[in-house]
Amino acid sequence: DLLVCFALLFALLYFAPEPRHARLHCYFLPTDTMHSVSEGVSKLSIVVVAFLLLSSLLFSVPLPVSAGVLDKDVDDAAYLANKVYDLVSASHCVRLLGNSGPIGCATSKHGADGTLLYLGSLQEAEYFLEHPSSSTVITALAASLFNKTLIHSLVDTGSVSGVIVVEDGSQDALAFSPAARYPNHQYGLYPRLSYVWNPDGDDWTFSEVRVPISSITLEVAQKHDIINKARGNWDADTSDPDWAAQLNAFMYSGAYDAETCLRRKVCEPVGGQSVYSYLSAPRPQVPLILASSTMDSFAFFQDLAVGADASTSSFIALLAAARTLAISVPDLATLPKQLFFAFFTGEVFGYQGSKRFLADITSFHCNDLRNGTSKPHCQDPYRSSLQFQDIRFEEIAMVLDVSQVAHSQDRTFFMHRDSDTATSAEMIKVMQRMGEEVDLNMEIVNVDSRKGLPPSTLQAFLLKDRTLPGVVLTEHRDQYVNRHYQSRLDRRSGIDIQVVADFATMLARSLYSLAGGDPRKYNITVDTDFVDQLFLCMTEDFKCPLIAEVLPATRGKPLASPPTHYTSIYRRTNTISLTSGFLQTLLTNLTATPSLQSCTSNSECTLPNQQCADGRCFTSFAYYHPSYSTGLEYDVDERMWIVVDSTQAIYAESYWENPSLLIFQRETLGQDMAIISMGILQTTAVLLIILGTQRYLKQRRERLTRLHSLQIRPALARSQTSTTAAAESNVRQRRT
């Protein structure tokens, strides 16, 4: 208001309607005259300032103060936003794009807002559906009510613009899986089968959601008193202020498909970095036993994609088996077959991690090879390591794929095989024998034409060669026993760590036996405490001692809690997720052998497969490999992704501004009318003051101008008389 006042006073003085020469002429008035003008203007300024400040103090609406502490350098806009809005910590549904269109949630640039209402029971939800609100609302839901059917019903009322899920634990005992009933069936070995592997699935995560949805913990809801504020709006008097919420999830991609989004350069391909490792130096032309697992998961809220059973249990078991063999068996380099461990990411999205790996080892062509002073790499398409070119697909003797293994019933696991060959029969026999040693029941399941193999990485390998011997290890014979498959509820609770450790022991002994070794020579037993630490880090909190030990650079940094195993996006700059970085570093430590060469960085270790650690060059056999759709290629000249095979799974994640959930107090109609009325009064008063002041100054200037004229005339007459006398004197002098 002060700034406005001073601006008005300057305008009154400088932009008066008189001609400019008249304004400037006033500056030469006598001091006493200017003092009188200043005195009049000062009185007017005092009146204007007093009026503006008084009206602001009287009619300002009290606003809730944020619980956060403002930084002293925050600008005025941020300061005001913190005063008005209460920023709530939440996990958000965001937008992906697939072959056929958008997936997930988004809002407009301005977000979605509405009155905050709470639905805590099915009866309240039914009442709201029968009597929908006449105004826009944001509904906060008890977790037990969060399902596809109810959300669609709420949105169909036309009054719900967003949903907040309060994680109060009420859904934990209920079946909930937003994944497909047959995951990846159109991109696997059996695109025409319709067997229901996931009976609780509704394919919600791969559908477009018409409203933004966020998830908050019960502790957060209690901290911000959201439930009480929302309940208070049910029976609030119209004269009382009601609480409102705003959900922001603006996505730059729009409602397009993945190809259009990538062409417009407003998204990135879904993907990441897979990890693979030998346990000893690679030996050319020696058969490989490939043990694989999925390392990524998915959920309706990507930040909550823990996947404790869906994927995490499988790569934990496989990693524990690899670690046990690396530290317990000294003769791995002399076995008739090589052990090869692969952890693929992006498998949720059409097996893109394993398909990309297979495509590269069978038909990779580098358009821009860079040797440099360090290890050779390919710039187009970008590959940080070219070691995979030494892998021959025909050297893979068998594939042992580990799937869901966290919820076995009666210590029983199932071995699914595609064909009854001598090699697969040997695999079955060895695993049954090793299972007996640790009191596990290993049952064989032969594939029938009705259902085929379970969704697994093995299907990608069989698409390349159907005769390849392989087995999928699972906790289920037929349909999934995991009632929370690929949901935010797939957590550690209910997992028997000892059973998973025993399964990993069986796996390690079986792999060693299949490679030609005798497990009785060594004590091959997985450390249960190590498995427990892995589950702690990978399902509860990345800020755990094991992560800090393997990745010291993460100490003191903010890490996800709970962790997420969503694969994220693939970038050619080789961005590494925490899960991939942890697996690769741990396998590097397990397989590293030191050399005599000293170093300070990786670039000083010039030999292939070398890395710098503790001041020395170590030779390691753990590598990253890119994971993105085999239907995509990067055009270096155009700097964009192009679709080369639309039959493959193609997913992209939109660029977005940081999603947010805000709570604020909404003014009543009376307050709104008072504010707008005061604004009109202020505007009218200011206009009247301007017009009155202009009139006053105009009259004042006219009087001052006349006065000035009267003062100037005598001086001019005296000046003329003096000039005439001087002229006559000059004439007399010349005559003389």
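All values derive from a computational prediction rather than experimental measurement. We number each residue from 1, following the sequence as shown.
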Do we see a donor-acceptor contact under 3.5 Å between the side chains of [X] and [Y]?
| X | Y | answer |
| --- | --- | --- |
| Y566 | E653 | yes |
| S177 | H484 | no |
| T585 | T588 | no |
| E633 | Y628 | no |

Listed partners of [X] passing side-chain hydrogen bond (donor to acceptor under 3.5 Å, both in side chains), at least two apart:
| X | value |
| --- | --- |
| R283 | none |
| D635 | none |
| T647 | D645 |
| Q379 | H377 |

How far apart are the closest heavy atoms of [X] and [Y], and which atoms are they?
| X | Y | answer |
| --- | --- | --- |
| Y624 | G581 | OH-CA, 3.4 Å |
| M295 | F343 | SD-O, 3.3 Å |
| A179 | Q486 | CB-OE1, 3.6 Å |
| C105 | V209 | SG-CB, 3.7 Å |
| Y570 | P626 | CE1-CB, 3.5 Å |
| F618 | A592 | CD2-CB, 3.9 Å |

[X] side chain near [Y] side chain, heavy-atom distance below 4.5 Å:
| X | Y | value |
| --- | --- | --- |
| L247 | S214 | yes |
| L587 | F341 | no |
| S580 | L583 | no |
| V643 | I650 | yes |
| N184 | V348 | no |
| S487 | P178 | yes |

Can you tell me how far apart [atom1] ([X]) and [atom2] ([Y]) are? Round to the nearest 0.5 Å.
| X | Y | atom1 | atom2 | result |
| --- | --- | --- | --- | --- |
| T600 | R616 | OG1 | CZ | 15.0 Å |
| L458 | L468 | CG | CG | 7.0 Å |
| S577 | Q273 | OG | CD | 8.5 Å |
| L96 | T205 | CG | OG1 | 9.0 Å |
| Q597 | T619 | CD | OG1 | 9.5 Å |

Summary of side chain to side chain donor-acceptor pair (under 3.5 Å) pairs that have at least one residue in [range], sequence neighbours excluded:
| range | result |
| --- | --- |
| residues 93-108 | R95-E208 |
| residues 339-357 | T345-T567, E347-S354, E347-T457, K355-Q648 |
| residues 250-271 | Y252-E657, S253-S654, Y256-R264, D257-T260, E268-Y655 |

Would you please test L332 and Y278 for side chain to side chain contact (heavy atoms under 4.5 Å, CB included) and show each step? CA-CA 10 Å; L332 292 173; Y278 299 88; over 6 Å; no

Taken in chain and number order and not counting sequence neighbours, the residues that satisfy salt bridge (Lys or Arg N to Asp or Glu O under 4.0 Å) with R491 are D172

Taking [X] for the side chain and [Y] for the main chain, is one N or O donor matched with an acceptor at less than 3.5 Å?
| X | Y | answer |
| --- | --- | --- |
| K337 | V286 | no |
| Y190 | L453 | yes |
| Q285 | E395 | no |

Candidate pair C617 and C599, rule disulfide (SG to SG under 2.5 Å), full reasoning:
CA-CA 6 Å; C617 290; C599 62; 3.8 Å; no

Checklist entry - In terms of SG positions, are C261 and C267 separated by less than 2.5 Å? => result yes

request  = Please test Y276 against F621 for ring-ring contact (aromatic ring centres under 6.0 Å, His included), starting from the C-alpha separation and ending with a verdict.
outcome  = CA-CA 8 Å; Y276 68 90; F621 310 108; over 10 Å; no

Sorted by chain and residue number, the ring pair (Phe, Tyr, Trp, His ring centres under 6.0 Å) partners of H185 (sequence neighbours excluded) come out as Y182

Residues at least two apart in sequence or cross-chain that pass ring pair (Phe, Tyr, Trp, His ring centres under 6.0 Å) with F388, listed by chain then number, are F364, H625

message = Quick check on K557: does its NZ atom have over 12 non-hydrogen neighbours (other residues, nucleotides or ligands) under 6.0 Å away?
response = no

Decide if atom CD of E549 counts as having more than 12 heavy atoms of other residues, nucleotides or ligands within a radius under 6.0 Å. no

Full working for side chain to side chain contact (heavy atoms under 4.5 Å, CB included) between L97 and I103: CA-CA 5 Å; L97 300 108; I103 298 166; over 6 Å; no

| message | Tell me whether the rings of F344 and F461 are parallel (<30°), tilted (30 to 60°) or perpendicular (>60°). | response | tilted

Tabulate below the donor-acceptor pairs under 3.5 Å that side-chain atoms of residues 298-316 make, not counting sequence neighbours, or state none.
{"residue": "D309", "atom": "OD1", "partner": "A406", "partner atom": "N", "Å": "3.0"}
{"residue": "D309", "atom": "OD2", "partner": "N482", "partner atom": "ND2", "Å": "3.4"}
{"residue": "S311", "atom": "OG", "partner": "D296", "partner atom": "O", "Å": "3.3"}
{"residue": "T312", "atom": "OG1", "partner": "V306", "partner atom": "O", "Å": "2.8"}
{"residue": "T312", "atom": "OG1", "partner": "G307", "partner atom": "O", "Å": "3.0"}
{"residue": "S313", "atom": "OG", "partner": "D309", "partner atom": "O", "Å": "3.0"}
{"residue": "S313", "atom": "OG", "partner": "V405", "partner atom": "N", "Å": "3.4"}
{"residue": "S314", "atom": "OG", "partner": "T294", "partner atom": "O", "Å": "3.4"}
{"residue": "S314", "atom": "OG", "partner": "S311", "partner atom": "O", "Å": "2.5"}

Q.
Check this for me, if you would: do R370 and D368 make a salt bridge, where the nitrogen-to-carboxylate-oxygen distance has to be below 4.0 angstrom?
A. yes

_Pair I547, F582 - check side chain to side chain contact (heavy atoms under 4.5 Å, CB included), show working._
CA-CA 7 Å; I547 293 284; F582 171 77; 3.5 Å; yes

### Task
Tell me, with the steps shown, if T554 and F542 meet side chain to side chain contact (heavy atoms under 4.5 Å, CB included).
CA-CA 9 Å; T554 62; F542 272 146; over 6 Å; no

So D418 and R466, salt bridge (Lys or Arg N to Asp or Glu O under 4.0 Å) or not? Walk me through it. CA-CA 9 Å; D418 182 59; R466 191 62 184 266; 2.8 Å; yes

In short, salt bridge (Lys or Arg N to Asp or Glu O under 4.0 Å) pairs touching residues 378-391 with sequence neighbours left out are D360-R383

